[in-house]
Amino acid sequence: PALYLSNATMLNPMASPPGNQLYVITANGDHGCTSTDTVLVKVFKELKIPNAFTPNRDGRNDTWNIPGLADYKNASVQIFNRWGQIVYRATGYGRPWDGTMNGNLLPAGAYYYVIQPKENGYNALTGSVLLIR
């Protein structure tokens, strides 16, 4: 479909679909030659990383949930305490951090993260998250 293309007749249009979109491309050559192929434009969500969470087991905001990170299947997440010790590590983000290390509650404070989405041209994302008890 020409939907979400800047110009469907251009050789290299800009595509801006709101979600993943499969496009069928047909090229017509001289003497009636035709070739068809498909292109999947995959749309990755912008990562907006929360800077605080409250893992007090009240059922609200108990994990450090990063919307959109699950779309990055190979993403790595590392969280460090103030001494540089890794307190959480994951590949993918199927289980968000719950403010524990090896099942033990961590104290309130600032923790530092390195997130490497490994897709969509993202470089490593770094910053701090405040664990509030």
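All values below were derived from every heavy atom in this structure, side-chain atoms included, with hydrogens, water molecules and symmetry-related copies excluded.
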Contact check, side chains of [X] and [Y], non-hydrogen atoms, under 4.5 Å:
X	Y	result
T38	I25	no
S128	N51	no
L105	T100	yes

- Counting only heavy atoms not in M14, do more than 12 fall under 6.0 Å of its CE? no
- Could you tell me if the ring centre of W64 sits under 6.0 Å from that of Y88? no
- Message: Under 6.0 Å between ring centres: does that hold for Y111 and W97?
- Response: yes
Is it the case that one hydrophobic cluster holds both [X] and [Y], taking links as side-chain heavy atoms less than 4.5 Å apart, direct or via other members?
X	Y	result
L47	F53	yes
Y4	V39	yes
L69	F80	no

- Given the rule in the side chain to side chain contact (heavy atoms under 4.5 Å, CB included) test, do I49 and Y113 qualify, once you have shown the distances and angles that lead to the verdict? CA-CA 10 Å; I49 302 169; Y113 63 82; 3.7 Å; yes
Can you give me the closest heavy-atom contact between [X] and [Y], atom names plus distance?
X	Y	answer
D62	P55	O-CB, 3.4 Å
L130	A110	CD1-N, 3.9 Å
Y72	P117	CD2-CB, 3.7 Å
N7	P13	O-CB, 3.2 Å
I86	Q78	CD1-NE2, 3.7 Å

Rounded distance (nearest 0.5 Å) linking atom [atom1] of [X] with atom [atom2] of [Y]:
X	Y	atom1	atom2	answer
N28	T34	CG	OG1	4.5 Å
N56	T54	CG	OG1	4.5 Å
S16	L5	OG	CG	8.0 Å
Q116	T126	CD	OG1	10.0 Å

Please confirm whether the backbone N or O of [Y] pairs with a side-chain atom of [X], one donor and one acceptor, at under 3.5 Å?
X	Y	value
N20	V43	yes
Y23	A2	no
N65	N61	no
R133	L106	yes

- Between I79 and Y112, is a side chain to side chain contact (heavy atoms under 4.5 Å, CB included) present by the stated rule, with each step listed? CA-CA 6 Å; I79 301 173; Y112 303 93; over 6 Å; no
- Message: Do D98 and T63 pair up side chain to side chain, a donor and an acceptor below 3.5 Å, judged on atom types alone?
- Response: no
